[in-house]
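Take a look at the structure set out below.
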Amino acid sequence: MSGKPRLHYVNARGRMEPIRWLLAAAGVEFEEAFLETKDDLKKLQTNGDLLFQQVPMVEIDGMKMVQTRAILSYIAGKYNLYGKDLKERALIDMYVEGLADLNELITSNFFQPADKKEEHLATVMDKATTRYFPVYEKVLKGHGQDFLVGNKLSRADVQLLEIILLVEESKPDILAKFPLLQSFKAKTSNIPNIKKFLQPGSQRKLPLQEKDIPRLMQIFH
């Protein structure tokens with residue numbers, strides 16, 4: 001064993017991508033074991049490696065961790081990205097849960113019927129600009145600091161940047177009415193560990209392509 005966290009998932013974003021982002025932001029090198037076939041998943045299930053028979057699964061510190069939120073909480077706590085006290089942690093959790101909701105909406109667009117995709121995406125973009133991004137703009141305006149909580153990088157900042165970039169892939173001008181989020185994006189993108197992760201050739205995954213969906217569906221269904 002190398003001692004590096006080992007990530008078990010498909011070679012795609014999905015539920016593992018926030019975990020990749022958080023490890024990268026913490027400056028932690030990690031290895032990936034990609035599921036290529038349904039048999040690869042069945043092997044993990046049969047071996048008892050998956051507590052709830054699902055991936056993502058991360059081998060870290062002698063544990064085989066499952067459940068995305070539990071994994072993210074552990075990594076954030078371990079690498080000092082989870083606030084200084086219970087109150088800050090509660091704020092971080094609230095902001096992260098909102099981002100997770102928006103992420104689910106975005107991801108669900110891939111699985112809409114072809115004739116509904118455009119309408120669904122427009123609805124998602126509307127919610128991003130009227131329900132979600134105004135919250136983070138207001139938080140940044142309210143305390144006048146560079147980061148969401150405690151004037152220090154946390155898992156909430158990392159996930160906010162991830163979601164901003166994800167939404168911009170569909171609507172590049174999404175931040176037009178959010179000057180503080182524009183500034184936030186510029187600053188956090190230039191944090192050395194994050195800047196490195198944003199470079200071509202990193203372990204950050206590319207957007208999911210339509211042609212990849214049948215292959216992934218075969219593995220998970």
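The residues of the chain are indexed from 1 along the displayed sequence.
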[X] side, atom [atom1]; [Y] side, atom [atom2] - distance, nearest 0.5 Å:
| X | Y | atom1 | atom2 | value |
| --- | --- | --- | --- | --- |
| R13 | W21 | CZ | CH2 | 9.0 Å |
| L50 | K43 | CG | NZ | 12.5 Å |
| H8 | M16 | NE2 | CE | 8.0 Å |
| L175 | S183 | CG | OG | 11.0 Å |
| Q54 | Q45 | CD | CD | 9.0 Å |
| D146 | D157 | CG | CG | 9.5 Å |

What pairs of donor and acceptor atoms, side-chain ones from residues 62-69 against any protein atom, are under 3.5 angstrom apart with sequence neighbours left out?
| from | atom 1 | to | atom 2 | distance (Å) |
| --- | --- | --- | --- | --- |
| K64 | NZ | D49 | OD1 | 2.7 |
| R69 | NH2 | E97 | OE1 | 3.3 |

Consider only side-chain heavy atoms of I, L, V, M, F, W and Y, link residues closer than 4.5 Å, and tell whether [X] and [Y] are in one cluster.
| X | Y | value |
| --- | --- | --- |
| F52 | L41 | yes |
| F34 | V10 | no |
| L7 | L206 | no |

Taking all atoms of both residues into account, what is the closest heavy-atom pair of [X] and [Y], and its distance?
| X | Y | value |
| --- | --- | --- |
| A26 | N193 | C-ND2, 3.9 Å |
| P56 | I71 | O-CD1, 4.1 Å |
| A128 | I174 | CB-CD1, 4.4 Å |
| F184 | L161 | CE2-N, 4.0 Å |
| I219 | L35 | CD1-O, 3.5 Å |
| H143 | L148 | NE2-O, 3.0 Å |

Polar side-chain atom of [X] near backbone of [Y] as donor-acceptor pair, under 3.5 Å:
| X | Y | answer |
| --- | --- | --- |
| Y95 | V135 | no |
| D101 | G98 | no |
| E137 | L180 | yes |
| T129 | M125 | yes |
| N47 | L44 | no |
| N109 | L121 | yes |
| S108 | L105 | yes |
| K196 | G27 | no |
| S189 | K185 | yes |

> How far apart are the C-alpha atoms of K78 and V28, what are their side-chain angles, what is the distance that settles it, and do they pass the side-chain contact (heavy atoms from CB on, under 4.5 Å) test?
Replying inline: CA-CA 11 Å; K78 180 178 173 69; V28 179; over 6 Å; no
>> Go through it in stages, so that I can follow the logic: the residues are I164 and E168, the test is side-chain contact (heavy atoms from CB on, under 4.5 Å), and I'd like the CA-CA distance, side-chain angles, deciding distance and then a yes or no.
In response: CA-CA 6 Å; I164 287 172; E168 284 184 335; 4.0 Å; yes
Sidechain N-carboxylate O distance under 4.0 Å for [X], [Y]:
| X | Y | value |
| --- | --- | --- |
| E32 | K205 | yes |
| K4 | E59 | no |
| K171 | D173 | yes |

>> For a side-chain contact (heavy atoms from CB on, under 4.5 Å) check, start with the C-alpha distance between I92 and L81, then their side-chain angles and the critical distance, and finish with the verdict.
In response: CA-CA 9 Å; I92 290 167; L81 294 167; over 6 Å; no
> So L102 and F133, side-chain contact (heavy atoms from CB on, under 4.5 Å) or not? Walk me through it.
Replying inline: CA-CA 10 Å; L102 178 55; F133 286 166; 4.1 Å; yes
Any heavy-atom pair between the side chains of [Y] and [X] that's under 4.5 Å?
| X | Y | value |
| --- | --- | --- |
| L198 | L165 | yes |
| T123 | D126 | no |
| Y136 | L99 | yes |
| Y74 | D61 | yes |

Other residues, nucleotides and ligands only: do more than 12 of their heavy atoms fall within 6.0 Å of [atom1] on [X]?
| X | atom1 | result |
| --- | --- | --- |
| K38 | NZ | yes |
| R131 | CZ | no |
| E119 | CD | no |
| Q53 | CD | yes |
| E29 | CD | no |
| K117 | NZ | yes |
| R15 | CZ | no |

> When the ring planes of F220 and Y9 are compared, do they come out parallel, tilted or perpendicular, using 30° and 60° as the limits?
Replying inline: tilted
>> Check whether Y82 forms a cation-pi arrangement with R155 (NZ or CZ under 6.0 Å from the six-membered ring centre, at most 45° off the ring normal).
In response: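 Output yes; distance and angle both within limits.
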